[in-house]
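A, B, ... follow the sequence lines: proteins, then strands. Residue 1 opens every chain. Side chains included, hydrogens not; waters and symmetry mates left out as well; all remaining heavy atoms used. The structure displayed is predicted, hence computed values, not measured ones.
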There are 2 protein chains.
Amino acid sequence: MATIRDISKLAGVSVTTVSRALNHYDDVSPTTKQKIIEIAKEIGYVPNRSAQNLVKNQNNTLAIILSGLEKNGGKDNIIYRLLSGMYSYSESVNYEVVLYTTSSAHQREKTYVQFCREHNIGGAVLNGIRLDDPYFKELVNSDLPCVLIDIPAIGGNTSSISIHNKQAANDAVSYLIEQNHKHIGMINGHGEASVSLERYEGYVMALNKYKIEINEQYIVHADFQQNVAYEKTKQLLNKCPEITALFCASDMMALGAMKAMKEMNLKIPDDISVIGFDDIPLAEFATPPLTTMEQDFYRMGEEAARQLLKMIKHEKTERNIFLEHNLIVRNSVRML
Amino acid sequence: MATIRDISKLAGVSVTTVSRALNHYDDVSPTTKQKIIEIAKEIGYVPNRSAQNLVKNQNNTLAIILSGLEKNGGKDNIIYRLLSGMYSYSESVNYEVVLYTTSSAHQREKTYVQFCREHNIGGAVLNGIRLDDPYFKELVNSDLPCVLIDIPAIGGNTSSISIHNKQAANDAVSYLIEQNHKHIGMINGHGEASVSLERYEGYVMALNKYKIEINEQYIVHADFQQNVAYEKTKQLLNKCPEITALFCASDMMALGAMKAMKEMNLKIPDDISVIGFDDIPLAEFATPPLTTMEQDFYRMGEEAARQLLKMIKHEKTERNIFLEHNLIVRNSVRML
DNA sequence: TTGTACGCGTTATCAA
DNA sequence: TTGATAACGCGTACAA
């Protein structure tokens, strides 16, 4: 590989001058600069990132930390959209993005902090991390700039991005109630996700608003997973056949629930209504098309990167950023 | 940040010893090694990747190069599955993966080779790259180990992974013919994708086998895009109403085609049959569920990474690797 | 078994 | 406007 040293020899100048020319410093004569750039191009010079990072001790890289890339995951397209938004903004400010994910398979995995330090990461966005993840705690308590998706900002140098989950859940459940549903079940995620608590609160808020009593039996957890939701829905509807509508805290779970209903010979939405959360691509194609609460994950990714850059530059940032949510009415809910 | 120098002072040994202890050399006494490791942990030492890379001049990193992360893309989940498979294997051999994608938005983008050199990438897997992409040519003509997904191996140090596209297309179209279809249209991708040519050949092969004449009017290109397929399908079916079945070179295009058919009041599969390609998650949820040719993208990613590692280690590799395809019969094709 | 000294490729400081 | 030189953190001949 060609180095600036090679260029310096060819151009008959010092490496210092080469470095300055290539970095467009203004204290190098136009002629030498011109010559250097030409030679560099000619011999196919490419700067060595590692060397640059080493001396500059910052490397214009952001990390996105995910809970795991699973073989059969990704069907909700959320990670793709997040990534896509993050790349879009990062690119515009000349930053790069690296992805880190812990695999349960390997024990030799590093903590998030280790990974970031090792790679000299400027900041990280976290998605899908459980609150009880010890590496998560370590990270937010470090001084690394972090943007948490769907988790309220905690710890030293963090901020967060999400929709108003409580309000969104309230809107979804209120919509159900306005269609005259009174016995409304909820398929929630798990206890180690902030959004689960918030969406539960929104559910309760809506019922309270309409003076409908809360029945704790109506609420089950399905770990945000389609197949778990499938099982839990069967159990729930067998135990409480009076339920006429189900509020699911994710579309993937709604899909599982719908599968269960069909197998129980319940017609959607005639016999039972379903409302989802996220508006994933599959929602539109479900039978019937799923009514759901839309979140703009592309924008979340974009905002996360923007926020991170502000934090890196020590600009003033908001602690918690909220994006808008939007109810997408399709055909999985009927008026009673 | 703590460095090995800090550790050496604390431990009262030289940096050399620290380095060796941390890298598990066997020529350091168990006691000193023990002590060093403890101190390292205590002060939260993390090795500096840049420094390591600089001195070792190889950094255990693979790249995945994509044609672009689009705001509304990713619905086919292919990139996710590829990534997921690649990470899985890479992790098992202690390699990392970085993602590179050219955005049409920015001109300051680097060529693939530049990116790889800059980051000291050991090898790259390419997906979704057009044959006429000049950066693609540059890359395969460089000496960087490359694994091409869906493109036959060309250039110096490359190999490829794909299914037998011609055979798979032949299988799909034969299936249609065996259901007594004779007027079979094809929605293909674009001319700068090897798979388009191969799938076209498979289509022709099947028709020839059954002595059905090829009608070039029946074949249109839709750039692998859903909405283009939607438009082209309308045009095609208006022009050639005798068509009873459509072979689509991707599921996303099949989805677009189905939308067009529905709008034309054609019942699927009663009035017209459709067969897709890929078996994306949406296929199962389409109405009716889409019969399609399955590809295992997770495995492709895994194999790509495995192949790359062989190439990096100068082990013997096969030039072209073929995975199996598998027809998934659902309800979008009927027997005439 | 351990330490000294050098080099990886680059940028920054200072002096010329 | 340019150049010599010292860093950055680590790995490794070579010497002890």
Side-chain angles (χ1 to χ4, degrees), chain A residues 1-37 39-40 43-61 94 96 110 114-122, chain B residues 1-37 39-40 43-61 94 96 110 114-122:
Chain A
M1 279 298 83
T3 70
I4 51 171
R5 187 165 229 98
D6 299 326
I7 301 178
S8 88
K9 278 178 194 153
L10 258 39
V13 296
S14 71
V15 290
T16 312
T17 305
V18 175
S19 176
R20 280 191 289 230
L22 261 20
N23 289 299
H24 301 289
Y25 277 53
D26 49 10
D27 59 353
V28 43
S29 83
T31 44
T32 31
K33 176 170 174 176
Q34 176 69 15
K35 187 162 78 179
I36 288 169
I37 290 180
I39 294 177
I43 65 175
Y45 167 76
V46 172
N48 182 318
R49 236 13 211 213
S50 297
Q52 288 181 323
N53 296 344
L54 185 58
V55 61
K56 291 204 293 192
N57 197 34
Q58 68 78 259
N59 68 2
N60 289 21
T61 306
N94 214 351
E96 291 181 353
K110 311 163 184 130
Q114 275 173 351
F115 178 84
C116 291
R117 298 269 186 245
E118 233 184 72
H119 291 262
N120 231 299
I121 295 290
Chain B
M1 281 298 81
T3 71
I4 51 170
R5 189 169 227 94
D6 299 325
I7 301 179
S8 88
K9 278 179 194 153
L10 257 38
V13 297
S14 73
V15 290
T16 312
T17 307
V18 176
S19 175
R20 282 191 287 228
L22 262 20
N23 290 302
H24 301 290
Y25 276 53
D26 50 8
D27 59 352
V28 45
S29 83
T31 45
T32 32
K33 177 171 175 177
Q34 178 69 14
K35 188 162 78 177
I36 287 169
I37 290 181
I39 294 177
I43 65 174
Y45 168 77
V46 172
N48 182 316
R49 249 345 224 224
S50 299
Q52 288 182 323
N53 295 345
L54 187 57
V55 62
K56 290 202 294 192
N57 196 35
Q58 72 68 268
N59 67 3
N60 289 23
T61 306
N94 214 348
E96 291 182 352
K110 313 165 182 127
Q114 275 173 353
F115 178 83
C116 292
R117 298 267 185 245
E118 232 184 73
H119 291 262
N120 229 299
I121 295 290

From CZ of A:R117 across to P of D:dG9 the rounded distance in Å is 14 Å
For C:dA12, does OP1 or OP2 lie under 4.0 Å from any side-chain N or O of A:Y25? yes
Rounding to 0.5 Å, atoms CG (A:N120) and CZ (A:R117) come to a distance of 9.5 Å
Rounded to whole Å, CZ of B:R49 lies from P of D:dG11 at a distance of 11 Å
(Q) Heavy atoms only, 4.0 Å cut-off, all strands: where does B:S50 land among base, sugar-phosphate and nothing? (A) nothing
_Under a plain distance cut-off of 3.5 Å, with no hydrogens placed, do A:T17 and A:S14 share a side-chain donor-acceptor pair?_
yes
When you compare the side chain of B:L22 with that of B:I7, does any pair of heavy atoms fall below 4.5 Å? yes
Rounded to whole Å, the CD1-P distance (B:I4 to C:dT4) equals 13 Å
Between the CZ atom in A:R49 and the CD atom in A:E96, the distance rounded to the nearest 0.5 Å is 4.0 Å
- Phosphate oxygens OP1/OP2 of D:dG3: is one of them under 4.0 Å from a side-chain N or O of A:S14? yes
Separation of C:dG9 atom P from B:E118 atom CD, nearest Å, is 15 Å
On DNA chain C, more 5' by nearest nucleotide between B:V13 and B:K56 is B:V13
Quick note, A:R5 side chain, CB onward, closest among C:dT10, C:dT2, D:dA4 is C:dT10
Side-chain contact check for A:S29: nearest option of D:dT1, C:dT10, C:dT2 is D:dT1
message: Do A:T3 and A:N48 make a side-chain contact, defined as non-hydrogen atoms from C-beta onward lying under 4.5 Å apart?
response: no
Which is true for B:V28 with a 4.0 Å heavy-atom rule: it touches a base, it touches only sugar-phosphate, or it touches nothing? sugar-phosphate
Separation of D:dT1 atom C1' from A:K33 atom NZ, nearest Å, is 14 Å
TODO: Could you tell me whether B:T16 contacts a base, only the sugar-phosphate backbone, or nothing, with contacts defined as non-hydrogen atoms closer than 4.0 Å?
DONE: base
A:N48 has its side chain closest, among C:dT10, D:dC10, D:dT1, to C:dT10
Donor-acceptor pair under 3.5 Å: do we get one between A:T17's side chain and the base of D:dT1?
no
Between C:dG3 and B:R20, counting only base atoms on the nucleotide and side-chain atoms on the residue, is there a donor-acceptor pair under 3.5 Å? yes
### Message
Please determine whether a side-chain nitrogen or oxygen atom of B:Q52 lies at a distance below 4.0 Å from atom OP1 or OP2 of D:dG9.
### Response
no
In whole angstroms, the gap separating P of C:dT10 from CD1 of A:I36 amounts to 13 Å
Between CG of A:D27 and C1' of C:dT11 the distance, given in whole Å, is 13 Å
Value for CD1 (A:I36) from OH (A:Y45), rounded to nearest 0.5 Å, stands at 11.5 Å
* With a non-hydrogen cut-off below 4.0 angstrom, is A:N23 in contact with a base, only sugar-phosphate, or nothing? -> sugar-phosphate
Between CD1 of A:I7 and P of D:dT2 the distance, given in whole Å, is 16 Å
